[in-house]
There are 2 protein chains.
Amino acid sequence: MAKIRLYVSGPLEAEKVLGLDSAQSNYLFGVMRRKVGDTLLVFDGENGEWRAEVAKANKKNGLLVCKQPVAPQAAPPDLWLLFAPVKKARTAFIVEKAVEMGVRAVRPVITDYTNERINIARMQAHAVEAAEQCGATFVPEVAEPVKLAKMLADWPEGRRLMFCDEGRAALPVAGALAGQAAGPWAILIGPEGGFSPAEATTLRGLEDVTPVTLGPRILRADTAAVAALTAWQMALGDWR
Amino acid sequence: MAKIRLYVSGPLEAEKVLGLDSAQSNYLFGVMRRKVGDTLLVFDGENGEWRAEVAKANKKNGLLVCKQPVAPQAAPPDLWLLFAPVKKARTAFIVEKAVEMGVRAVRPVITDYTNERINIARMQAHAVEAAEQCGATFVPEVAEPVKLAKMLADWPEGRRLMFCDEGRAALPVAGALAGQAAGPWAILIGPEGGFSPAEATTLRGLEDVTPVTLGPRILRADTAAVAALTAWQMALGDWR
């Protein structure tokens, strides 16, 4: 049987009864044909991974019972991914990849050259699916979009920002991150048209900003997101 | 006017007349409304980037004339990306990302657990589009799929292979690549179901293989491709 892993409402604990929503119930009992007594893996984002058993196999409102803990809770490093929304499929891709690569929060930013909108509820659902698939016990929050200028004005003290600056001279990412301290960080990926001159000036003026370049070719925003997350996780995160 | 960059048949040289195919002609003169005398950028994969001028604005068979060289030819490092075909959209994504990240060849491999097919002509067209978009002057060849066992049996002497081994104990990628020599390399990404025991045994027995792990979460094949390419380019490629 294919392994099934579901994100459910917690808090998970032994013998807790877990209600499934209609989409989960239909998937589990309609598509995957699971029956009473079958087991699967569940997580709630806060209490690790547990084995659960099917108690009621109804396609509209199934029930599970939480049994044994399987893996402890594991949070990714304290890293935010900031990105300007791009077209729908690529935005969904960025959210999925952020979860697989390991971030604490996904924060869309509206830049001067951002034209696209973002459906936060839909993107949060993508984050849940990605966590179910990649074995994570943590689901990053997909925040409401905020204007970049406002986010920078309210920037939290002590959080460093890796700024992927395609248009300007900056150090290659490996050198730029070497010797930096771990701790709270964020990565900023620009829109396909880049940052406006005013935005670039503000970013360069911020004390906590580390500008980096990602190779000699122009990367799409979704590629840049995965590449930047890889570089950061290798240098300062949980890929060490 | 939006910047246009087209891959054309060469060899490019001053005053050479360049015929456009019907798709390019329709795009340039139907969609983008370019007229005789307008200029755009062209490359042929071997002779750098040139400025060209529209000589005949026909939506079925337009003509350009090659004018001045703009940028020299730049080949990516001698790196192959080997991957098992996955579902169509994600395979297209892997090919697109390989071009942006910079590889010399894209080589699909059929593993014991590979179920998907691949349309090579379509994937080659994706590689061309990605090169047009990312500013590359080189288009990697998308090779016909080969069985993994055959590819390993015919493995070229002196080419190292980075094997992304999700299921087993291997060094984190940064440490595994540190101190390795540059030169001909390949990266191997497995199918969603991983490698068979026989394949893993063969791979571990090869002298030129460097197994690596890509962090603590399970990565989809398309994510693993971008992450592995990033790690390699940072350590041994043209991102240094």
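Labels below follow one simple rule: chain letters A, B, ... track the order of the sequence lines, proteins then strands, and each chain is numbered from 1.
The CD atom of B:Q133 lies 12.5 Å from the CZ atom of A:R217; values are rounded to the nearest 0.5 Å. Note that the CE atom of A:M234 and the CG atom of B:L214 stand 9.0 Å from one another [nearest 0.5 Å].
Put simply, of A:G135, A:A136, A:G102, A:A74, the one with the most heavy-atom pairs under 4.5 Å next to chain B is A:G102. The choice from B:A235, B:G237, B:A174, B:P216 that makes the most heavy-atom pairs within less than 4.5 Å of chain A is B:P216. Most heavy-atom pairs under 4.5 Å with chain B, from the set A:V226, A:L171, A:I218: that is A:I218. Of the listed residues (B:D222, B:L229, B:V173), the one with the most heavy-atom contacts under 4.5 Å to chain A is B:D222.
With a 4.5 Å cut-off on non-hydrogen atoms, A:R240 touches chain B through its backbone but not through its side chain.
Of all residues in residues 81-101 of chain A, those placing a non-hydrogen atom less than 4.5 angstrom from a non-hydrogen atom of chain B are A:R90, A:F93, A:E96, A:K97, A:V99, A:E100, A:M101.
When the shell of 6.0 Å around CZ of A:R122 is examined, it contains 12 or fewer heavy atoms from other residues, nucleotides or ligands. Summarising the local packing, CZ of B:R159 is surrounded by more than 12 heavy atoms from other residues, nucleotides or ligands at distances under 6.0 Å.
Residues B:P172 and A:W239 come closest through the heavy atom pair CB-O, 3.3 Å.
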